[in-house]
Amino acid sequence: MSGNKIIVLDDAQALYVRAAEENAHHAGEAICTHGEFTLCLSGGSTPAGTYELLATRFLLSIDWKEVQFYWGDERCVPPDDPSSNYAMAHRTMLSRLPTRPDQVHRIHGELPPDEGAQSYEKHLRNIFALAEDEFPRFSLALMGLGDNSHTASLFPGTPALHETERLAVAVEVDAPQRHRISLTAPVFNNAATVLFLVSGEGKAQAVKNILEGARDPDQFPAQLIAPTNGELVWLLDKAAARLLS
Ligand code: 6PG
């Protein structure tokens, strides 16, 4: 496993720019090597700044027709709901890119949760032509971090943390959108690169717990994310990195 990297940026805007640069770098590498860039998007609010930059300043830096968009998790709401992770990515980026509809593989949050999870798993298995015990390998998985150390929709103390076979599961979590669909840790850990984007003072304790605390993935789920044959990169702004030694 290649080393883990922690990169601290001055502020949120610098983090958004560096994250966009990382996306462009990995896109170029993946398209040259594999003919496509499979990008697993994160939700929440942090990535919006990067998505905006990818659709503007970096628009000509990526061969968008070779990019396949996936999501690491989704809230169980319709795709036009303001809390939908797809809606956020569409508003900030996808609506402004020269992509075909078949390049966008959203999680169908409008379905009943279990059905939506099974449907996405079936779609991933089909698109990636997976055998029963295989996991998709994303070129790049973007991940966020909650102030309670959750990532994607893998929340502390939930059964989803122990899933080792399913690709996607329906979860009920302690958050404003209780019902969600999340990819599982083995999927993220099969990515070529995992890139965490973490900004703000409110995340400092979670960052400290995950990177320097005792190993306790049940309490700090982001500790589950450790690519088995890939690179783990943490992009932090100074506020989020404040408590690191
Ligand atoms: C989601 C995300 C989630 C998010 C964190 C951080 O669906 O909410 O996938 O894991 O990345 O909750 O969210 P913020 O970026 O809004 O702080």
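Just so it is clear, the structure is predicted and the values come from calculations on it, not from any experiment. Just follow the structure's listing: the first ligand is 1, and inside any ligand the first atom is 1.
- Counting the atoms of ligand 1 from 1 in the order shown, those under 4.0 Å from a heavy atom of Asp73 are 1 (C), 2 (C), 7 (O), 9 (O).
- Nearest to atom 15 (O) of ligand 1 among the protein's heavy atoms is Thr46 OG1, 2.6 Å.
- At least one N/O-N/O distance between Arg75 and ligand 1 falls below 3.5 Å.
- No hydrogens or angles considered: nothing links the side chains of Arg125 and His123 as a donor-acceptor pair under 3.5 Å.
- Nearest-residue assignment for atom 10 (O) of ligand 1 (options Ser84, Ser42, Ala152; heavy-atom criterion): Ala152.
- At a 4.0 Å heavy-atom cut-off, ligand 1 touches Asn85 through the side chain alone.
- The shortest heavy-atom contact between Lys203 and Val198 is CB-CG1, 3.5 Å.
- Protein heavy atom closest to atom 13 (O) of ligand 1, with residue, atom name and distance, is Gly44 CA, 4.0 Å.
- Close N/O approach between Pro47 and ligand 1 is not found [any backbone or side-chain N/O within under 3.5 Å].
- Taking only nitrogen or oxygen atoms, main chain and side chain alike, His150 reaches within less than 3.5 Å of ligand 1.
- Few gaps surround CD on Glu212; more than 12 heavy atoms of other groups in view lie less than 6.0 Å from it.
- When hydrogens are left out, the protein atom nearest atom 16 (O) of ligand 1 is Ser45 OG, 2.6 Å; that is the closest non-hydrogen contact.
- Summarising the geometry of Ala192 relative to Ser139, their closest heavy-atom pair is CB-O, 3.5 Å, with the distance given to 0.1 Å.
- Of the possible polar contacts, one joining the Thr184 side chain to the Arg166 backbone as a donor-acceptor pair under 3.5 Å is found.
- Here Lys238 pairs with Asp10 in a salt bridge; the nearest charged N to carboxylate O distance falls below 4.0 Å.
- A distance of 10.0 Å separates CG in Leu211 from OG in Ser245, rounded to the nearest 0.5 Å.
- For Arg180, the closest heavy-atom approach to ligand 1 falls below 4.0 Å.
- Residue Lys203 places a heavy atom less than 4.0 Å from ligand 1.
- The two atoms that bring Tyr86 and Leu94 nearest to each other are CE1-CD1, 4.2 Å, heavy atoms only.
- Among protein heavy atoms, the minimum distance from atom 11 (O) of ligand 1 is reached at Gly144 CA, 3.3 Å.
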